[in-house]
Every structure is written in C-alpha cells, then in structure tokens.
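What follows is a single structure, written as structure tokens, with notes after it.
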Amino acid sequence: LNPLEDTISKTDIERSEDPEAGSGVKYMVEKRLRLKGGEKNLFFGLPEEEYCTDIRIRVLEGKENSLEFKPVYRKGGTRHIRNFKYGIEDFEVFLSGNQIQ
C-alpha cells in the first residue's frame, strides 16, 4: 500500500461533499503485471468489506493497459449520503481510463 497526500485546498474541502476530502492518508494498491494479449478473467475481493467481483477484460498485445477500481460507498446517516464510514457497496472498474463496469 502506498500512502498518497491529498492536494485539495482547505476552501475546496469545506465546500466538498466528497467523503474522502480533507487531510489524512489515502491508500492505493499498485501492481505491475505482464499479461499476454487476449481475454482475461479477473477476481477482485476485499474480505473485510465482504465484497468481491469477477470481471472480464481484453488485454491488447503490445500496449500498456491500466486497471482501476474506484469505490462506491454505501449510503448512511440521516442525509443518506455515500460515505466511506458506511463501507463499500461496489466498485466502478476502468480499463485504461474507460469505464467497463
């Protein structure tokens, strides 16, 4: 896990409804893999969140591909706002910047 520093200004944080805005440490899991081109089935799971998913991607031969999982948090509280405090509901999946799930 790599800690990332947040670069959002204090004024933007005060106006933001982003539950991850503000000071603190955020983490990113990064792993480089070499895969042959073609269709691939991948499994992604977070046991502590009781979350898992299978995805199918097409890796292009001779190109660098990136795969990104962005969390979609559960709603909670009196305003029913999505927030990391309520856990992860799902992930949006992006392959080389294009949403695939």
Side-chain angles (χ1 to χ4, degrees):
L1 295 178
N2 301 321
L4 302 173
E5 289 185 26
D6 197 350
T7 58
I8 300 174
S9 72
K10 186 174 182 176
T11 305
D12 290 339
I13 291 168
E14 290 168 358
R15 294 182 192 154
S16 176
E17 290 191 20
D18 181 355
E20 292 189 35
S23 61
V25 177
K26 296 166 179 63
Y27 291 90
M28 178 175 68
V29 177
E30 189 174 305
K31 181 69 178 170
R32 289 181 155 274
L33 301 172
R34 284 195 126 132
L35 300 173
K36 285 183 144 185
E39 296 280 329
K40 308 292 179 198
N41 292 315
L42 300 173
F43 171 84
F44 180 75
L46 296 172
E48 291 291 321
E49 294 289 337
E50 297 181 5
Y51 175 85
C52 65
T53 187
D54 290 300
I55 62 167
R56 187 171 185 84
I57 63 171
R58 177 179 294 277
V59 176
L60 300 175
E61 192 74 42
K63 284 192 76 173
E64 186 171 310
N65 297 276
S66 64
L67 186 62
E68 181 178 5
F69 292 84
K70 290 186 177 181
V72 176
Y73 298 114
R74 289 188 179 104
K75 292 181 181 179
T78 56
R79 295 176 54 200
H80 301 287
I81 294 175
R82 293 188 184 278
N83 192 305
F84 69 94
K85 292 186 264 186
Y86 307 118
I88 293 172
E89 179 178 296
D90 200 3
F91 278 87
E92 294 174 337
V93 183
F94 296 82
L95 179 61
S96 299
N98 299 310
Q99 189 168 0
I100 60 172
Q101 184 173 317

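Numbers for residues simply follow the sequence, beginning at 1.
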Using every non-hydrogen atom in the two residues, find where [X] and [Y] come nearest and quote the distance to one decimal.
X     : Y     : answer
Ile81 : Tyr86 : O-CE1, 3.8 Å
Asn65 : Ser96 : CA-OG, 3.4 Å
Ser66 : Gly97 : OG-N, 4.4 Å
Arg82 : Tyr73 : NH1-O, 2.6 Å
Gly37 : Glu61 : N-OE1, 2.9 Å

*To the nearest 0.5 Å, how far apart are CD in Glu92 and CD1 in Ile100?*
12.0 Å
*Tell me, yes or no, whether the heavy-atom count around Glu39 atom CD, taken from other residues, nucleotides or ligands under 6.0 Å, exceeds 12.*
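Atom CD in Glu39 is crowded, with more than 12 foreign heavy atoms closer than 6.0 Å.
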_Around atom CD of Glu64, are there more than 12 heavy atoms from other residues, nucleotides or ligands closer than 6.0 Å?_
no
*Report yes if some heavy atom in the side chain of Val93 is under 4.5 Å from a heavy atom in the side chain of Leu67; otherwise report no.*
yes
_I'd like to check Ile55 versus Leu95 (side-chain heavy atoms, cut-off strictly below 4.5 Å). Are they in contact?_
no
*Using 30° and 60° as the class limits, which term best fits the ring planes of Phe44 and Phe69: parallel, tilted or perpendicular?*
parallel
*Just jot down the salt bridge (charged side-chain N to carboxylate O under 4.0 Å, His left out) partners of Arg34, sequence neighbours excluded, or say none.*
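Arg34: no salt bridge (charged side-chain N to carboxylate O under 4.0 Å, His left out) contacts found.
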*asked:* Is there a path of hydrophobic side-chain contacts, each under 4.5 Å between heavy atoms of I/L/V/M/F/W/Y residues, joining Phe94 to Leu35?
replied: no
